[in-house]
*Asks:* 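Just passing along the structure, written as structure tokens.
The structure displayed is predicted, hence computed values, not measured ones.
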Amino acid sequence: MDFRRRLRAEEPEINFIPLIDLLLVILIFLMITTTYARFRELPLNLPGVQAEPLATRPGEIVVAVARDGRYLLDAGQPRFVAPTALADELRVLASGVQNPLVVIHADAGASHQSVMAILEAARTAGLARVSFAARSAGP
């Protein structure tokens with residue numbers, strides 16, 4: 001007769017309770033130490049230029065953006081253009097010009113969306129050369 005008890009192999013068991021406790025402590029720590037700051041204003045100092053202006057500017061298409069979002073095309077005779085017709089007008093002005101350059105004169109109070117609309121219209125018209133006008137720095 002065999003009086004020895006059969007030894008059963010115990011299966012290893014993973015206790016998740018300490019792991020959950022640790023994760024909760026880390027979560028609370030991260031929630032407390034996180035700062036929820038929003039950028040309300042980004043101060044920008046736009047560069048000035050001290051170069052002399054060119055006497056002749058062939059192939060230049062000037063587009064001005066007013067503070068209220070109006071667009072002014074200056075191609076010999078200045079005229080206001082609707083935002084929806086801006087790409088078509090740029091395409092017409094660039095049709096007879098070799099390697100045209102779009103120069104954007106944006107008012108300091110003009111919205112970013114107004115300037116982006118000009119960039120999008122230039123891309124739609126197939127104009128790759130775009131430049132921004134800057135105010136000349138005083139002596």
*Asks:* Which heavy atom in Pro100 sits nearest to a heavy atom in Ala94, and how many Å separate them?
*Replies:*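 Shortest heavy-atom contact: CG-CB, 3.8 Å.
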*Asks:* For Asp88, check side chain to side chain contact (heavy atoms under 4.5 Å, CB included) against everything at least two apart and list the hits.
*Replies:*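 Partners of Asp88 by the side chain to side chain contact (heavy atoms under 4.5 Å, CB included) criterion, ordered by chain and then number, come out as Arg91.
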*Asks:* In chain order, what residues pass the side chain to side chain donor-acceptor pair (under 3.5 Å) check against Ser111, with sequence neighbours excluded?
*Replies:*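 Result, side chain to side chain donor-acceptor pair (under 3.5 Å) vs Ser111: Ser114.
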*Asks:* Taking side chain to side chain contact (heavy atoms under 4.5 Å, CB included) as the definition, give me every residue that meets it alongside Arg70, ordered by chain and number, with sequence neighbours left out.
*Replies:*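 In terms of side chain to side chain contact (heavy atoms under 4.5 Å, CB included), with neighbours along the sequence ignored, Arg70 is linked to Ala66, Asp68, Phe80.
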*Asks:* Taking side chain to side chain contact (heavy atoms under 4.5 Å, CB included) as the definition, give me every residue that meets it alongside Val130, ordered by chain and number, with sequence neighbours left out.
*Replies:*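 Applying side chain to side chain contact (heavy atoms under 4.5 Å, CB included) to Val130 gives Val102, Ile104, Leu119, Ala122.
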*Asks:* Distance-only criterion, 3.5 Å: show the donor-acceptor pairs between side-chain atoms of residues 13-28 and protein atoms not counting sequence neighbours.
*Replies:*
{"residue": "Asn15", "atom": "OD1", "partner": "Ile17", "partner atom": "N", "Å": "3.4"}

*Asks:* Quick one: pull up CG in Leu73 and CD1 in Ile118 and give me the separation to the nearest 0.5 Å.
*Replies:*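 Answer rounded to 0.5 Å: 8.5 Å.
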*Asks:* Just to verify, which of Val103, Leu90, Val115 counts as forming a side-chain contact (heavy atoms from CB on, under 4.5 Å) with Val63?
*Replies:*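 That would be Leu90.
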*Asks:* Under a single-linkage definition using a 4.5 Å side-chain heavy-atom cutoff for Ile, Leu, Val, Met, Phe, Trp and Tyr, are Phe132 and Leu86 assigned to the same hydrophobic cluster?
*Replies:*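 The answer is yes; both residues are in one hydrophobic cluster.
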*Asks:* Mind checking what makes side chain to side chain contact (heavy atoms under 4.5 Å, CB included) contact with Arg129, not counting sequence neighbours?
*Replies:*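 Partners of Arg129 by the side chain to side chain contact (heavy atoms under 4.5 Å, CB included) criterion, ordered by chain and then number, come out as Asn99, Leu101.
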